[in-house]
Amino acid sequence: SLAEFLHGRGLSLGIYTDRGSRTCAGRPGSLHHEMLDAETFAAWGVDFVKEDNCNALGGPNNRSTLFRQFGAMRDALNRTGRPMFFSVCG
């Protein structure tokens with residue numbers, strides 16, 4: 001796998017997603033799919049997850065929505081049991 005290849009060379013595998021329905025580039029985001037995405041990232045051997053803030057419900061500056069949505073991915077990643085560094089953009 002790509003993760004095994006990278007890990008075997010002392011590197012980490014990172015992935016990008018968004019807390020909204022779409023990423024900044026218009027690709028599908030993680031909104032309402034946090035657990036599925038987290039489980040997929042864990043199965044792939046991902047070490048680093050960056051979650052962006054584009055196309056989010058309530059806009060990028062709605063604090064209550066922002067914390068709830070980032071928290072949903074944080075909790076989903078934690079439930080996988082795989083240690084992954086979680087970075088948010090917001």
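It should be emphasised that the depicted structure is a prediction, and the values quoted were computed from it without experimental measurement.
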Output, in order, the C-alpha distance, side-chain angles, deciding distance and verdict of side chain to side chain contact (heavy atoms under 4.5 Å, CB included) for S87 and Y16. CA-CA 10 Å; S87 174; Y16 166 87; over 6 Å; no
Note: T17 and G29 closest approach over all heavy atoms is OG1-C, 4.2 Å
Close side-chain approach of L77 and R82, heavy atoms under 4.5 Å: no
4.5 Å side-chain heavy-atom contact, T23 and C54: no
Rounded distance [0.5 Å steps], CE in M73 versus CZ in R68: 14.5 Å
Could you tell me the separation between the CG atom of L13 and the CD1 atom of I15, rounded to the nearest 0.5 Å? 7.0 Å
Decide yes or no for N53 and D18: does some side-chain heavy atom of the first lie under 4.5 Å from some side-chain heavy atom of the second? no
Under the ring-ring contact (aromatic ring centres under 6.0 Å, His included) definition, can you give me all pairs with a residue in residues 38-57, not counting sequence neighbours? F48-F85
Gap between atom OG of S30 and atom CD of E51 - 0.5 Å precision: 5.5 Å
Find out whether K50 and C89 are in side-chain contact, i.e. whether some heavy atom of one side chain is under 4.5 Å from a heavy atom of the other. yes
Could you tell me if the side chain of R19 sits less than 4.5 Å from the side chain of V88, heavy atoms only? no
Testing the 3.5 Å rule here: is there a donor-acceptor pair between the side chains of N78 and T80? no
Establish, from distance only, whether the side-chain atoms of S21 and N55 form a donor-acceptor pair under 3.5 Å. no
Sidechain-backbone polar pair: E4 side chain, S1 backbone, donor-acceptor under 3.5 Å: yes
Nearest non-hydrogen partners of H7 and S12, listed with the distance: CD2-CA, 4.3 Å
Please check: side-chain N/O of D47 versus main-chain N/O of M84, any donor-acceptor pairing under 3.5 Å? no
In one Ile/Leu/Val/Met/Phe/Trp/Tyr side-chain cluster, 4.5 Å: L36, F70: no
Counting only N and O atoms by type, is there a donor-acceptor contact under 3.5 Å from the side chain of E39 to the main-chain atoms of D37? no
Look at the side-chain heavy atoms of Ile, Leu, Val, Met, Phe, Trp and Tyr, link any pair under 4.5 Å apart, and say whether F67 and F86 land in one connected group. yes
Compare all side-chain heavy atoms of M35 with those of D75 and state whether any distance is below 4.5 angstrom. no
Regarding R9 and the six-membered ring of F5, is the cationic atom NZ or CZ under 6.0 Å from the ring centre and inside 45° of its axis? yes
Is any side-chain heavy atom of R27 less than 4.5 Å from a side-chain heavy atom of R22? no
